[in-house]
Structure formats: C-alpha cells, structure tokens
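Okay, structure first, notes after.
No experiment lies behind these values; they were computed from the predicted model shown. First the proteins, then the strands, lettered A, B, ... as listed; each starts at 1.
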There are 2 protein chains.
Amino acid sequence: MNNKANRSGCPISSMLDIFGDKWSLLIIRDLIFSGKSTYGDFLKSDEKIATNILASRLLSLEENGVIKKLEHPDSKAKVLYILTDKGIDLLPVLLEIHFWSEKHLSISPEIQLLLKEVKKDKEKFIKTKTKELKAMFDVK
Amino acid sequence: MNNKANRSGCPISSMLDIFGDKWSLLIIRDLIFSGKSTYGDFLKSDEKIATNILASRLLSLEENGVIKKLEHPDSKAKVLYILTDKGIDLLPVLLEIHFWSEKHLSISPEIQLLLKEVKKDKEKFIKTKTKELKAMFDVK
DNA sequence: AAAATCACTTGCAAATTAAAAGTAATTATC
DNA sequence: GATAATTACTTTTAATTTGCAAGTGATTTT
C-alpha cells in the first residue's frame, strides 16, 4: 500500500488519502464506540475484515499517527491498540456520518433511538465522550 | 463494481458501502463547494481522476440517490449533474472532515482562514449553505 | 464540411483486495 | 512439562479494482 500519496492540498482529499477505503473508519468506530482494542477484537466485527487487510490498515493508521500500539496489560501474546488525540478527534466526523445514515439509510430502531438522544446536545456528547476517551487512552 | 453490498447494519459501515473509496466524496465536494456540475468539470479537479473511474462513481452515486443526471441547459452535448437532498445533507460530514484536517494535517493558510470563519457559527453556515444548494438544485 | 468538444467506453497492465492456509510467540490445559 | 489453544500476524494465490491510454459517437463550433 502506498500511504504516502498526497493527491492535492485539499483537506478532504488529504483526509481520504488516509481513510478513503471501506475499512479504516470501521476500526476507528470499533475503538471509539465498541471498546475494542485488540487485533482479535477487530476481526470479530460484523463486517468480517480479512486478516491481511486488518494488519495493513492497523499499520497505516499507526503510521499516520491515528492509533498507537502498546503492550497489553493482560498478556504478552496480545497487543493493545489505542487512539491518539488525532484519532479521538474523528468522533465528530463519525457522528455526522451516523446522523446522515440515520436520515437517509435504513438503520435499526435501537441505534435511531441512541442517535436521537445524542442529537439533543451534540456538543455536550462530543465533549463528554472525548474526555472519556482521552482518560481511557491516557493512562496507557 | 458491486454497489449493492451491505456488509452490516451499522450506519458507518452502510455509509462506507457507498462512499468508502478515494473518489466519491471528492465529487460531492466539487458539487457542494466548487460549483462543478459536468463530467468535464470533475475531470479538471486537482486530484486527476481517471475517466473510467469518474464514470463508474457518477453511476454509483446516481444509483444511490445522491446525485441526479439532467439535461444541460446550455448544450445537448453536456450533462448536468446535481445533488439530491440526500447529497446536500453530506455537508456536515464534509465540514467535520475539513475541521479534522485543519487541526491534524497541513492545510493552506487561505483554507484555514475560511474554516475559522465557518467554525464561528457552524449551524448558521450549514443552514445558509444548505438553503443555497437546495435553491440551486431545485429549479432544475 | 471539418475540426473541436463532450461524455463517455474499451482494453490492458498494475495494484489492491479477499480468502485461505501457515507461522511464531505466548498462554492455558492435561 | 508436554500438548493444545490462543494471539497476532504473514504468505500465497485468485479475483477484483484501479489507472492509463486510446478509442467512439453525438453534438457544437469554426
């Protein structure tokens, strides 16, 4: 994979140079919303990413400073993946994607309900969740 | 291209089933921020999309109800592409991507300045721009 | 009538993805 | 303490997608 390609100076284009595929943002989603943190965790997600693709995406996200690899506290056989501040800051992007999907695609009632709650005070949710994530990933 | 794949019920995943590549959101960007509306316009963008890729993405976006093809008022040789409401509603997503890129990647001073303005009142900007786009694409 | 423009399509090589099997280190089990 | 699981990958190979270049056919301009 050529991760270094910077196709233009456009902010959207530059962001897509990193995340413009079907998998990278799902890893971020798992880290932010599902408390997943290991290679095995990510493999278990519903979308069933292939092992080699997962490895290449984790490497790419690490190279781009979005995630970090750490020793797992429970076992030397495990690796702990955490979000950097750069990664945590993707929360607003993922939230707006959620809102768009809720409005324009068919989404499960449970998630709809959750999003309706979040929508009541976006800024507050972002602040609270960001703080939570920073605390969670900071100790490490 | 298989556009029908719905990998899971997750809103993020479903959105990526449509936009999870390096090009689709750039077309939306061009429609929202650059006033582009023809095949030739999109080809001229800095990222230099290949002609066959552009054609396949335009088809995919149309099939997904994000854009529409119309007769061009100026010429029968041209085709006018416009955003649907579903497409216009991607504005908040693109804005948050902009903000993320501005914070974490190197972005030109001019764009930084523009974004700083937008940030002062996000909601207002979104409302104004949305209204503008709806008016623009509604007459057609 | 001829040349240019416009929106594509086609053909092919190169790159990426996906599926499956394999590996090495560590940990749990008998 | 040996054996089987688990964990995080890597490797291999086939299928799909991308990217480049060269068409094509319908308009439009010269």
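- Residue-level contact check: B:Y81 touches the backbone only, with heavy atoms under 4.0 Å from sugar-phosphate atoms and none from bases.
- In this model, the phosphate group of C:dT17 is not approached by any side-chain N or O of A:K48 to a distance below 4.0 Å at OP1 or OP2.
- By the 4.0 Å N-to-carboxylate-O rule, B:D46 lies too far from A:R7 to be salt-bridged with it.
- Counting to the nearest Å, the P atom of C:dA7 and the CD1 atom of B:I67 are 13 Å from each other.
- The side chain of A:K69 contributes an N or O atom lying less than 4.0 Å from OP1 or OP2 of D:dC9.
- Looking only at distances, a side-chain donor or acceptor of A:S75 sits under 3.5 Å from a matching main-chain atom of A:A77.
- Protein atom CG of A:L70 is 13 Å distant from nucleotide atom P of D:dA8, rounded to whole Å.
- Rounded to whole Å, the distance from CG on B:L59 to P on D:dT18 is 13 Å.
- Of the possible polar contacts, none joining the B:D138 side chain to the B:K134 backbone as a donor-acceptor pair under 3.5 Å is found.
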Contact string for nucleotides 20-30 of chain C, one letter per nucleotide 5' to 3', B = base within protein heavy-atom range under 4.0 Å, S = sugar-phosphate only, - = neither, reads BB----SS---

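- Residues B:E47 and B:K22 are not paired through a salt bridge, judged by the lack of any N-O separation under 4.0 Å between the basic side chain and the carboxylate.
- Per the geometry, CD1 belonging to A:I27 stands 13 Å off P belonging to D:dA8, to the nearest Å.
- Atom pair B:E62:CD and C:dC8:C1' shows a separation of 14 Å (rounding to whole Å applied).
- A side-chain donor-acceptor contact under 3.5 Å links A:S56 to the backbone of A:I53.
- In this structure, CZ of B:R57 is placed 19 Å from P of C:dA7, rounded to the nearest angstrom.
- Between the CD atom of B:E71 and the P atom of C:dC6 there is a distance of 18 Å, given to the nearest Å.
- Distances shorter than 4.0 Å separate some side-chain N or O of A:W23 from OP1 or OP2 on C:dA18.
- B:K22 has its NZ atom 16 Å from the P atom of D:dT17, to the nearest Å.
- The side chain of B:I53 approaches D:dT18 more closely than any other nucleotide in the set C:dA7, D:dC20, D:dT18.
- Of the candidate nucleotides C:dA7, C:dT17, D:dA8, C:dA7 has the atom nearest to the side chain of B:Y39.
- The main-chain N or O of A:Y81 is never found under 3.5 Å from a side-chain atom of A:Y39 such that the two would form a donor-acceptor pair.
- Remark: side-chain polar atoms of B:N64 are paired, donor with acceptor, to backbone N or O of B:S60 under 3.5 angstrom.
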